[in-house]
Amino acid sequence: MPHTSPHAPGPELLGTQLRHLLDLLDSDVAAVYADLGLTGFRPRFTPVVRVLAAAGPSSIRDLARATGVTHSAASQTVAQMAKADLVTLGPGQDGRQRIVRLTAKAESLLPALDAEWAATTAAATEFEAELSFPLSRLVGEALEALRRRPMRQRIAEAAPHLIAHSPQEGGAVPEGEAEALP
């Protein structure tokens, strides 16, 4: 078995490295929010605020689709935003549907969030220019590959004896599964 240097981890530490990368990115964006006086505002809130500002009141399902996350992740984010008085939730036409609306507090943050979004986009573009391949493109390709064939299925195929009932070929990614890499 080849020895992997601790300085050059391979695919066995993919999830750990991705979490570390996300932590580095999110903590610095959160620090910018703090610098702007937006204490407690989380990076995951901004895409939701931007979608609601552009499209108006939306269902959680529509927010999930527009921000590229699972319905569960969008629902959790919206719940945190409601606790922070950034959004309100109301019934939709369908009794199962909940409609999310920005509060006046969130609307008052839009100028600062728009400036931060533009600056963060410029910084991300410059960051990607330093890489041998655009990270945003690679992440998109990775998500699509996991939609086609989830990680659990890949593990089951690599070691069928580990999982009693391996997932069916071409099955959909269960909510949250593509986000939970080792």
Side-chain angles (χ1 to χ4, degrees), residues 4-36 38 41-55 58-81 86-87 100 113-159 163 167-182:
T4 303
S5 162
H7 300 292
E12 72 280 0
L13 293 178
L14 180 62
T16 300
Q17 287 188 301
L18 287 172
R19 276 186 288 281
H20 181 61
L21 175 62
L22 186 57
D23 287 345
L24 290 172
L25 293 169
D26 272 358
S27 66
D28 281 346
V29 172
V32 170
Y33 292 140
D35 292 342
L36 293 170
L38 304 175
F41 195 90
R42 299 182 59 191
R44 69 188 306 174
F45 295 171
T46 304
V48 174
V49 170
R50 291 181 57 78
V51 168
L52 291 172
S58 301
S59 69
I60 292 175
R61 183 164 313 286
D62 288 343
L63 288 172
R65 192 175 300 116
T67 59
V69 300
T70 64
H71 184 276
S72 176
S75 183
Q76 290 172 14
T77 298
V78 165
Q80 291 169 350
M81 293 176 72
L86 297 169
V87 297
V100 183
L113 293 175
D114 286 344
E116 174 277 325
W117 186 268
T120 299
T121 299
T125 301
E126 187 260 336
F127 167 63
E128 282 196 329
E130 295 179 30
L131 306 176
S132 61
F133 192 83
L135 184 59
S136 58
R137 184 169 154 203
L138 185 60
V139 168
E141 288 179 16
L143 290 170
E144 185 56 38
L146 289 173
R147 282 185 193 101
R148 285 191 308 269
R149 202 162 124 239
M151 194 66 171
R152 183 170 188 263
Q153 181 179 347
R154 294 166 189 270
I155 293 168
E157 290 167 358
I163 300 175
Q168 295 179 0
E169 291 290 326
V173 177
E175 283 207 12
E177 189 164 318
E179 299 157 34
L181 295 176

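All of these numbers come straight from a predicted model, not from anything done at the bench. All values below come from the heavy atoms of this structure, side chains included, with hydrogens, waters and symmetry mates left out.
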- [ ] Nearest 0.5 Å please: distance from the OG1 atom of Thr77 over to the CD1 atom of Ile60.
- [x] 10.0 Å

- [ ] May I ask you to decide if Ala30's main-chain N or O and Arg42's side chain share a donor-acceptor pair within less than 3.5 Å?
- [x] no

TODO: Using modelled atom types only, decide if a donor and an acceptor are shared between the side chain of Ser75 and the backbone of His71 within a distance under 3.5 Å.
DONE: no

Task: Arg154 side chain reached by Leu146 side chain, heavy atoms, under 4.5 Å - done: yes

TODO: Please name the pair of heavy atoms, one in Pro43 and one in Pro47, separated by the smallest distance, quoted to 0.1 Å.
DONE: O-CD, 3.4 Å

Task: Distance in Å, Leu38 CG paired with Phe45 CZ, rounded so as to fall on 0.5 Å steps - done: 11.5 Å

Task: Expected output: side-chain Thr120 to main-chain Trp117 donor-acceptor under 3.5 Å - done: no

Task: Euclidean distance, Arg148 CZ relative to Glu144 CD, rounded to 0.5 Å - done: 5.5 Å

- [ ] Please determine, by modelled atom types, if Glu157 and Gln153 share a side-chain donor-acceptor pair under 3.5 angstrom.
- [x] yes

TODO: Hey, could you give me the CZ/CG distance between Arg137 and Leu135, rounded to the nearest 0.5 Å?
DONE: 12.0 Å

- [ ] Would you mind reporting whether Val100 and Asp62 have side-chain heavy atoms less than 4.5 Å apart?
- [x] no

- [ ] Identify whether the distance between the nearest side-chain nitrogen and carboxylate oxygen of Asp114 and Arg50 falls below 4.0 Å.
- [x] yes

TODO: Using a 4.5 Å cut-off on heavy atoms from C-beta on, say whether the side chain of Leu113 contacts that of Phe41.
DONE: yes

Open item on the list: Does any part of the side chain of Leu24, heavy atoms only, come nearer than 4.5 Å to the side chain of Asp28, both counted from C-beta?
Closed with: no

Open item on the list: I want to check something: taking the side chain as every heavy atom from C-beta on, are Val49 and Met81 in contact at a cut-off of under 4.5 Å?
Closed with: yes

Task: Atom pair CG (Leu22) and CD (Gln17), whose distance is rounded to the nearest 0.5 Å - done: 13.5 Å

- [ ] Start with the C-alpha gap between Glu116 and Val29, add the side-chain angles, then the distance that decides, and say whether side-chain contact (heavy atoms from CB on, under 4.5 Å) holds.
- [x] CA-CA 9 Å; Glu116 174 277 325; Val29 172; 3.8 Å; yes

TODO: First locate atom CZ of Arg65, then atom OG of Ser59, and finally report the distance between them rounded to the nearest 0.5 Å.
DONE: 7.0 Å

